[in-house]
Amino acid sequence: MKTKQPSQQVEMAERIRAAVEKNPRKMTLQLARDLGVPEVEVIRAFPIDRVMELDIVQWQDLLQSFEALGSVRVLVSNGAATIEVDGEFGGFSKAGEFFNVQTETLDMHIRWQQLAAVFAVEKPGHMDDTATRSFQFFDQTGAAAFKVFLNFGGPISLEQKAQFIELRNKYRR
């Protein structure tokens with residue numbers, strides 16, 4: 001695989017930044033596909049007041065802290081489908097390569113060794129201008145592993161907004 005020259009990398013980063021600025025409400029997955037880049041690069045191009053990279057080494061503590069958030073929306077997407085599930089984190093365990101989240105409303109089996117980056121993201125919603133707040137996990141290829149939204153298609157409570165800020169600051173890189 002051929003590596004891009006530094007000038008090409010800078011040019012691509014500017015193209016991504018311009019696309020994010022022009023289309024702040026567009027889904028990051030769609031922007032990434034339009035630009036032919038991994039979705040993580042779109043997230044990294046967000047303005048610094050809307051994104052903060054978190055410490056991926058603390059992935060387990062961060063995931064377990066989601067239990068206190070109550071009901072959230074989890075999105076998982078691949079090349080053929082996207083699923084959105086409203087549920088609560090809890091029932092944590094590890095079995096082999098999996099970190100498990102198993103509650104009455106959420107059943108996830110995360111291949112934690114594949115996680116490479118995590119971000120706290122504030123973004124105008126693609127359905128309306130209501131700001132969404134989420135924690136987005138990416139795998140080693142730069143594809144989204146899963147996203148945890150505190151609000152989706154509606155306003156966020158003051159309590160959840162405070163929890164988002166607290167977790168973002170606690171786990172910042």
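Residue indices begin at 1 and follow the sequence shown. All values below come from the heavy atoms of this structure, side chains included, with hydrogens, waters and symmetry mates left out.
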Is the number of heavy atoms from other residues, nucleotides or ligands under 6.0 Å of E21 CD greater than 12?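 Atom CD in E21 is not packed in, count stays at 12 or less.
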Count the heavy atoms belonging to other residues, nucleotides or ligands that lie under 6.0 Å from NZ of K170, then report whether that count exceeds 12.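 Check fails, neighbour count at 12 or below.
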Got a sec, which pairs hit side chain to side chain donor-acceptor pair (under 3.5 Å) with one end in residues 142-161, sequence neighbours left out? T28-K147, E39-K147
Taking only residues two or more places apart in sequence or in another chain, which ones pass side chain to side chain contact (heavy atoms under 4.5 Å, CB included) with [X]?
X    : result
E11  : none
Q114 : R111, Q140
D49  : P47

Salt bridge present between [X] and [Y] (N-O < 4.0 angstrom):
X    : Y    : answer
E53  : R168 : no
E122 : R133 : yes
R73  : D86  : yes

Any non-hydrogen side-chain atom of [X] less than 4.5 Å from a side-chain atom of [Y]?
X    : Y    : value
V101 : F92  : yes
Q102 : H109 : yes
S77  : L29  : yes
I43  : F138 : yes

Return each pair, listed once, that meets ring-ring contact (aromatic ring centres under 6.0 Å, His included) where at least one residue sits in residues 48-70; pairs must be two or more places apart or across chains. W59-F99, W59-W112, F66-F89, F66-F135
Going by the rule ring-ring contact (aromatic ring centres under 6.0 Å, His included), which residues pair with F46 if we only count those two or more places apart in sequence or in a different chain?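 Testing F46 for ring-ring contact (aromatic ring centres under 6.0 Å, His included), a comparison that skips the adjacent residues, returns none.
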Working to the nearest 0.5 angstrom, can you tell me the gap between [X] [atom1] and [Y] [atom2]?
X    : Y    : atom1 : atom2 : answer
L115 : I110 : CG    : CD1   : 7.0 Å
Q30  : L35  : CD    : CG    : 11.5 Å
E41  : M12  : CD    : CE    : 10.0 Å

